[in-house]
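What follows is one structure encoded as structure tokens, with my remarks underneath.
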Number of protein chains: 2
Amino acid sequence: MGAGSRYDGEVLAALRREDRFRSCQEVHALIADSRGGPQRPPSLSTVYRTLHRLAREGEVDTIQSEDGERLYRRCETPSHHHLLCRVCGHAQEVPHARELRTVLTRVERSTGFTGLAYSLEFAGVCPDCA
Amino acid sequence: MGAGSRYDGEVLAALRREDRFRSCQEVHALIADSRGGPQRPPSLSTVYRTLHRLAREGEVDTIQSEDGERLYRRCETPSHHHLLCRVCGHAQEVPHARELRTVLTRVERSTGFTGLAYSLEFAGVCPDCA
DNA sequence: GAAGATTATGATAACCGTTTTCATTTTGGC
DNA sequence: GCCAAAATGAAAACGGTTATCATAATCTTC
Ligand SMILES: [Mn+2]
Ligand SMILES: [Mn+2]
Ligand SMILES: [Zn+2]
Ligand SMILES: [Zn+2]
């Protein structure tokens, strides 16, 4: 059932090229650049389809930029939050914050909501940009 | 310096009509519906401009829906997180979680990032939908 | 390995929320 | 009222994403 694309490897490699979230069009350009020779890169359609599927399969994480662009990143650890540099866009994973367990049960009890989930993201200025 | 629109009142009233995040086009439709008589509603452009400015001024909060739509809500408390029902879309504010102070300083120290900010959102199933 | 069915790909158009443009209308100061 | 400044409406432009469909690659079965 390997319902995969022949470009999965190159797409994931492009995402790993630098530690930041990338748009589909950036990934497409990165793949094109990484091919010196005359071999043609995948079409933009294929990159869109591949990233969409990789996200659905949980292979890549997605966020939405402020202007509605979908950005992708290949994450390493299973449970983490994202920390982004506001200046250079550098992204890194920070370990899951245990304190959120307490918060979660408190919110569940005080509101009556069930099946609670959360999303926590950080933004700041990285050491290089400071 | 009241650089406001003559429709601010109606836009905010539409947002308050029901407790959920609304898109610009929804707000536009709500305003149109709320006018029984022959008086014409504001144009869609004006609603876009008004919501954009109200968000910039901090009068309304914005989030991005999964498909990239910008959604707006008129919030009441100064510091809070959002809790959304996955079924009906109901939104409510939950008080700011103090535990995040600890998390924030820990992330700052362990990563070297400065000027850290966070965004924490909750989603679940509200009592009515359960 | 050939024939046919199935799936992936590429080029293009369609889609849709949002922004820009600009002519017209409304507002505010004098 | 008169003029300048700001707001509005209608339409076009924009940009990221998805849908379409003909073609190409891959897989199945014999
Ligand atoms: Mn991640
Ligand atoms: Mn809010
Ligand atoms: Zn940086
Ligand atoms: Zn509900």
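We name chains A, B, ... by the order of the sequence lines, and we start the count at 1 in each one.
In this entry the distance linking CD of B:Glu26 with C1' of C:dC16 reads 15 Å, nearest Å. Distance CD (A:Gln25) to P (D:dT17): 7 Å, rounded to an integer number of Å. Straight-line distance from the CG atom of B:Leu51 to the C1' atom of C:dG17: 13 Å, rounded to whole Å. Rounded to an integer number of Å, the gap from NE2 of B:His28 to P of C:dT18 is 13 Å. Computed from coordinates, the A:Arg53 CZ to C:dA8 C1' distance equals 10 Å when rounded to whole Å. Computed from coordinates, the B:Arg22 CZ to C:dG17 P distance equals 15 Å when rounded to whole Å.
Residue B:Tyr48 places none of its side-chain N or O atoms closer than 4.0 Å to OP1 or OP2 of D:dA7. Of the side-chain N and O atoms in A:Arg6, none sit less than 4.0 angstrom from OP1 or OP2 of D:dA24. The shortest distance between the side-chain N/O atoms of A:Arg70 and the OP1/OP2 oxygens of D:dT18 is below 4.0 Å. At the phosphate of C:dT18, neither OP1 nor OP2 sits under 4.0 Å from any side-chain N or O atom of B:Tyr72. Listed pair B:Ser23 / C:dG17 fails the phosphate criterion, with no side-chain N or O lying under 4.0 Å from OP1 or OP2.
The side chain of A:Pro42 sits closest to C:dG10 out of C:dG10, D:dT18, D:dG9. For A:Ser5, taking side-chain heavy atoms from C-beta onward, the closest of the listed nucleotides C:dT18, D:dT8, C:dT9 is C:dT9. The side chain of B:Arg40 sits closest to D:dA10 out of D:dT8, C:dG17, D:dA10. Here C:dT18 is the nucleotide among C:dT9, D:dT18, C:dT18 with the atom lying nearest to any side-chain atom of B:Glu69.
Residues A:Pro42 and A:Ile31 meet the side-chain proximity criterion, which asks for heavy atoms closer than 4.5 Å.
Ring centers of B:His81 and A:Tyr118: at least 6.0 Å apart, outside the cut-off.
Annotation for B:His82: atom NE2 counts as buried by contact number, over 12 foreign heavy atoms lying within 6.0 Å. Sparse packing is recorded around NE2 of B:His52, with 12 or fewer heavy atoms of other residues, nucleotides or ligands lying under 6.0 Å away. Counting heavy-atom neighbours within 6.0 Å of B:Arg101 CZ, excluding the residue itself, gives a total of 12 or less.
Mapped onto DNA chain C by nearest heavy atom, A:Val47 and B:Gly68 fall at different nucleotides, with A:Val47 at the one closer to the 5' end.
When heavy atoms are screened at a 4.0 angstrom cut-off, A:Arg49 is found touching base atoms of the nucleic acid. Residue-level contact check: B:Ser45 touches the bases, meaning some heavy atom is under 4.0 Å from a base atom.
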